[in-house]
There are 2 protein chains.
Amino acid sequence: MLGLLTAGPASGYDLLKVFEISLNHVWPATQSQVYAELNRLAGAGLVKAAAEGPRGRKEYAITETGIAELRHWLTEVEPQRTHRFEALLRVFFLSELEPEQARTYLERQATAAEEDHAGLLELRESVSQGDDPLSLYGNIALEWGLRFTAMQREWADWAAERVASLNGLPAHPTAAAPPGGSPPSGAPPADPQADAPPAGRPA
Amino acid sequence: MLGLLTAGPASGYDLLKVFEISLNHVWPATQSQVYAELNRLAGAGLVKAAAEGPRGRKEYAITETGIAELRHWLTEVEPQRTHRFEALLRVFFLSELEPEQARTYLERQATAAEEDHAGLLELRESVSQGDDPLSLYGNIALEWGLRFTAMQREWADWAAERVASLNGLPAHPTAAAPPGGSPPSGAPPADPQADAPPAGRPA
DNA sequence: CAGGACATGTAAGATGTTACATGATTCC
DNA sequence: GGAATCATGTAACATCTTACATGTCCTG
């Protein structure tokens, strides 16, 4: 929220919109949280009420202290390294399902990733045309999303195929590698052992 | 936890070890949580106490109901799509820093990703040699990690270079491929031109 | 004048983390 | 007998989600 307020004063309602529209896939936040946090930040002197508007609207502006805190966070605090990837967690337990169901799961992941990717491509188009050119850092973040979703899709397709081939399931036309086209973001790793021996369970 | 218990009965202590060692980057859990959750699951009939050991050790086994619940989760429940990527969130606000600091941040991300990647490669070696061959799904999950960390590193290198070139900063030698070591999972692509993101995907 | 967008808040409950607290067994 | 490891739990606190609650302003 401090970061968002560096772009200029805003109300909780404004910030909420930003979270919903542009930050939702990176850092979701709820209405409850935003309003409570604004009051907390104001109490801590990191933001201050800047103006009052029509319907009880309260605009907040970041303070010098707030900017210092933001910079401190950006430069001194180590980012959290562990993440929770529910979709990946499930993969560990796919052996509980029939191979066919497992493949279905992986193919669904591939589809979802593809959809996310398409959405981001669209976002890039809509923004680079319009009067709202994304900043350097906005573009860098967008590029991350593009690469991430591409990677997810390639991986899921690869994995679905592996499951199928190790279980004698009929090949799916959809799982085939994209024809001819140069592969996306920086080339997928060449398939490591596409035919590794099946074996016991993970710990 | 239900998934872990399909491999056989285990105590909270056992499960905790698994979380620390092999699940930590995908789904961290604390000691508190594990023990509390085991009791909760036992209360719900999804696991049952199976045996008592030496120092108050209590082994739990998954029940039929638990297996059904696990399968239900795997097949019917939509995985959560939004994630929190703190390291990426920060990118949105890097404009608050001097370009040089922003580049430092991105380079640190690249290094961290490279280290993670190396750790996974090592894990693959140590496991494929040993007497504990990873299962198909263990390998698929590992491959995800390899691809993810490779993608992160490529992106961060690319981004750091972009920041530098748009700000007339001197080029860094560090942005080049790592010395000697064969690059990440299956060869990272030669970096495409620094100003032409490679993210497009075939539909 | 009705409906939708604007606008803010609180309360209850679930989930997660950190720290505290305790004790048994094994190995050297 | 001391240290490490095994082993389980509780309490306090922080965080996050869902639902509830309320009121204003603008547009058609």
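A note on names: the letters A, B, ... follow the listed sequences, proteins ahead of strands, and every chain is numbered from 1. Given the structure is predicted, the values throughout are model-derived calculations rather than measurements.
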Measure from the side-chain heavy atoms of [X] and tell me the nearest of [options].
X       : options              : value
A:Ser32 : D:dT8, D:dA19, C:dT8 : D:dA19
B:Gln31 : D:dT5, C:dA21, C:dT8 : C:dA21
B:Asn39 : D:dG9, D:dT18, C:dG9 : D:dG9

For the student: nearest non-hydrogen atoms of B:Arg71 and A:Glu96, plus distance
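Looking at all heavy atoms of both residues, the closest pair is NE-O, 2.9 Å.
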
In whole angstroms, how far is the [atom2] atom of [N] from the [atom1] atom of [X]?
X       : N      : atom1 : atom2 : result
A:Glu52 : D:dC25 : CD    : C1'   : 16 Å
B:Glu86 : D:dT15 : CD    : C1'   : 14 Å
B:Tyr13 : C:dT25 : OH    : P     : 15 Å
B:Glu20 : D:dC6  : CD    : P     : 10 Å
B:Leu16 : C:dG16 : CG    : P     : 15 Å
A:Glu37 : D:dA14 : CD    : C1'   : 11 Å
A:Gln80 : D:dA14 : CD    : P     : 18 Å
A:Leu15 : C:dG9  : CG    : P     : 12 Å

Does A:Arg147 make a cation-pi contact with B:Trp158 (under 6.0 Å, within 45 degrees of the axis)?
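Here A:Arg147 passes the 6.0 Å and 45° test against B:Trp158.
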
For A:Gln152 and B:Trp144, does a side-chain donor sit closer than 3.5 Å to a side-chain acceptor?
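The criterion, which ignores hydrogens and geometry beyond distance, is satisfied for B:Trp144 and A:Gln152.
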
Short side-chain N/O contact from [X] to OP1 or OP2 of [N], under 4.0 Å:
X       : N      : answer
B:Tyr35 : D:dG9  : no
A:Lys17 : C:dC6  : yes
B:Arg57 : D:dA7  : yes
B:Lys58 : D:dG9  : yes
B:Arg84 : D:dC16 : yes
B:Gln33 : C:dT17 : yes

Please compare B:Pro54 and A:Trp27 by the position of their nearest nucleotide in DNA chain D and report the one closer to 5'.
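Taking each residue's closest nucleotide, the earlier one in sequence belongs to B:Pro54.
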
Once the angle between the rings of B:Phe93 and A:Trp73 is folded into 0 to 90°, is it parallel (under 30°), tilted (30 to 60°) or perpendicular (over 60°)?
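Answer is tilted, since the angle falls between 30° and 60°.
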
Aromatic rings A:Phe85 and B:Phe148: how do their planes relate, parallel, tilted or perpendicular, breaks at 30° and 60°?
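A:Phe85 vs B:Phe148 ring planes: perpendicular.
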
DNA chain C: A:Ala36 or A:Arg55, which has the more 5' nearest nucleotide?
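Whichever sits nearer the 5' end wins; that is A:Arg55.
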
